[in-house]
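Counting begins at 1 with the first residue of the sequence. Every number for a ligand or one of its atoms is a count from 1 in the order of the listing.
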Amino acid sequence: MAKFVAGLEDVIALESSICLVDGTHGKLYYRGYSIEELAAHSTFEETAYLLWFGELPTSFQLKDVEDSLLDNREFPGEVLDIIRDFPPTATPMEVLRTVVSALSSFDRNACYFSREADLCKTMRLTAQIPVAVAAHHRIRSGLPVMTPRAELGHAANFLYMLQGIEPDAVSARAFDVALVLHADHELNASTFAARVSAGTLADMYSSITSAIGTLAGPLHGGANQQVMQMLEEIGDMARVEEYVDRTLKEKKRVMGFGHRVYDTTDPRAEVLRQLSQEVGASKGDLRWFEISEKIRETVWRKKQLYPNVDFYSASLYHVLGIPHDLFTPVFAISRIAGWTAHVLEQYANNRLIRPRAEYVGPRNRQYVPIDDRGEYPVLPELRDQESPQEGTQTQ
Ligand code: COA
């Protein structure tokens, strides 16, 4: 039997032509195009097309995909009612997970399994996830849900629907680039979850629901919100050294640092760093960028860890005015492009994903009748928690 590898580290689980992560050289490519080039020249819509179809679109093809995303922004009223019914304590990731699952019942393609039907679902999910995130935030804040604006691109329209005002050009472009940077990352945990579901020939909505549940964890997409919590807790450049010292001494993680695949800089962190500085300067608020810079320098000096994608996205999203508990849903707004591309690729050449476990438990035990089992400790009394314990609630 094959060798056990904890966390499947460096295990090649499948073949893919979507995304290459060169962790040794700190490079990332979508369909062969470097992330730096795409960040400089592309838009989210164009990058999504590239991920789905394997080639950069012509202007006609781009217009087609933009029109399709635009048409699909219309959101089922019944699902808006579901969003309204959530208790105020519901986290945005809980709501998103449930909404994506519910959207399936309102998609007439849901029961069809063909490439064409799956592309329709792909466009619909990509268009509707941002609408759902913005609508939930407006509803929980007691604000009216905004109608999408047809003249705004995918990124700008989300900021508009969230904040109720059209974003300035610097903010809209910075957010668009952030969406490009987060759109795919090979076989990360949430994409793997999506492909495991798709590998059973579960439908697109089920696969994306699996991915969203997986993204929520603080070691994955939940990290960007925790980075912002750290920045706020530190609050001042003078406290960085002490914070990093204490965190490392207590053997805790400094959020936004380290990566399973990169041995060097995460190339996305470099672009996000520039965006965080640029948008911070344009808003006259460089405080969070400067604290981030100090943390980066300190963590490097003490532990030689590089920042990952979640580190500078936190200060960037903060200066863009995005509420902190929406940072992870915003990750999903972008990663839906990659998730759906991977689900399409999985369907196109499917093989059930079913690894093995190395059994380390007891063997060959004799069944003991219940009266002969002696005294067992009783279960502790299980009570609802008063409030989330520190570190267990991430959204
Ligand atoms: N803070 C402090 N130490 C860290 C660290 C961090 N963020 N990330 C890794 N390390 C340390 C580990 O403690 C370990 O040190 P040791 O060898 O002295 O014990 C070493 O680096 C290797 O860590 P390991 O847990 O084996 O790496 P991994 O590949 O399993 O973990 C992450 C990868 C992303 C889960 C991990 O870096 C992490 O938890 N980062 C913080 C959460 C985060 O930012 N997630 C977003 C990822 S994009």
Side-chain angles (χ1 to χ4, degrees), residues 4-13 19 21-24 26-28 35 93 178-193 211-234 240-273 276 288 291-292 294-318 324 327-332 334-335 338-339 390-395:
F4 160 60
V5 181
L8 299 182
E9 188 163 352
D10 291 330
V11 170
I12 311 281
C19 180
V21 183
D22 176 354
T24 311
K27 303 295 283 179
L28 169 62
I35 198 71
M93 280 303 275
L179 295 186
V180 169
L181 294 172
H182 286 82
D184 197 43
H185 208 237
E186 200 219 53
L187 217 50
N188 60 89
S190 55
T191 302
F192 188 54
I212 292 173
T214 308
L215 183 73
L219 297 188
H220 188 12
N224 55 11
Q225 186 185 343
Q226 299 220 341
V227 171
M228 198 61 224
Q229 275 166 17
M230 169 178 75
L231 293 177
E232 288 191 311
E233 191 186 330
I234 294 174
V240 169
E241 189 91 14
E242 181 269 324
Y243 178 91
V244 174
D245 270 342
R246 177 164 43 86
T247 307
L248 293 178
K249 201 166 150 222
E250 289 172 3
K251 298 260 174 245
K252 289 188 182 155
R253 303 275 154 138
V254 186
M255 298 314 276
F257 285 85
H259 203 278
R260 175 59 65 82
V261 180
Y262 292 110
D263 306 327
T264 176
T265 309
D266 179 336
R268 302 166 298 174
E270 283 306 315
V271 184
L272 287 161
R273 175 173 175 266
S276 170
W288 306 105
I291 296 176
S292 302
K294 177 87 176 145
I295 298 173
R296 175 198 181 122
E297 179 272 314
T298 312
V299 171
W300 177 254
R301 186 161 30 84
K302 293 181 186 288
K303 186 82 183 169
Q304 288 75 53
L305 287 170
Y306 292 96
N308 58 46
V309 69
D310 291 307
F311 187 60
Y312 288 105
S313 61
S315 51
L316 171 65
Y317 293 162
H318 176 80
H324 301 169
F327 287 7
T328 312
V330 161
F331 197 146
S334 167
R335 187 56 60 86
W339 289 333
E390 203 190 329
T392 59
Q393 181 95 351
T394 62
Q395 309 309 323

Anything under 3.5 Å between an N or O on ligand 1 and a protein N or O? List each pair with its distance, or write none.
residue: ligand 1; atom: 1 (N); partner: V254; partner atom: N; Å: 2.9
residue: ligand 1; atom: 7 (N); partner: V254; partner atom: O; Å: 2.8
residue: ligand 1; atom: 7 (N); partner: F257; partner atom: O; Å: 2.8
residue: ligand 1; atom: 15 (O); partner: K303; partner atom: NZ; Å: 3.4
residue: ligand 1; atom: 18 (O); partner: K303; partner atom: NZ; Å: 2.9
residue: ligand 1; atom: 25 (O); partner: R253; partner atom: NH1; Å: 3.1
residue: ligand 1; atom: 25 (O); partner: R253; partner atom: NH2; Å: 2.9
residue: ligand 1; atom: 29 (O); partner: R260; partner atom: NE; Å: 2.7
residue: ligand 1; atom: 30 (O); partner: R260; partner atom: NH2; Å: 3.0
residue: ligand 1; atom: 37 (O); partner: F257; partner atom: O; Å: 3.3
residue: ligand 1; atom: 39 (O); partner: R253; partner atom: NH1; Å: 3.1
residue: ligand 1; atom: 40 (N); partner: F257; partner atom: O; Å: 2.9
residue: ligand 1; atom: 44 (O); partner: G256; partner atom: N; Å: 2.9
residue: ligand 1; atom: 44 (O); partner: N308; partner atom: ND2; Å: 2.9
residue: ligand 1; atom: 45 (N); partner: L219; partner atom: O; Å: 3.3

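Residues passing the salt bridge (Lys or Arg N to Asp or Glu O under 4.0 Å) test with E270, sequence neighbours excluded: R296. With sequence neighbours excluded, no residue forms a ring-ring contact (aromatic ring centres under 6.0 Å, His included) with Y312. Scanning for ring-ring contact (aromatic ring centres under 6.0 Å, His included) contacts around H318 gives W288, H324, with sequence neighbours left out.
In this structure, the ring of Y262 has its center less than 6.0 angstrom from the ring center of H185.
The aromatic rings of Y317 and F327 stand perpendicular to each other, their planes meeting at an angle above 60°, with 30° marking the opposite boundary. F331 and H182 have perpendicular rings, their planes meeting at more than 60° on a 0 to 90° scale where under 30° would count as parallel.
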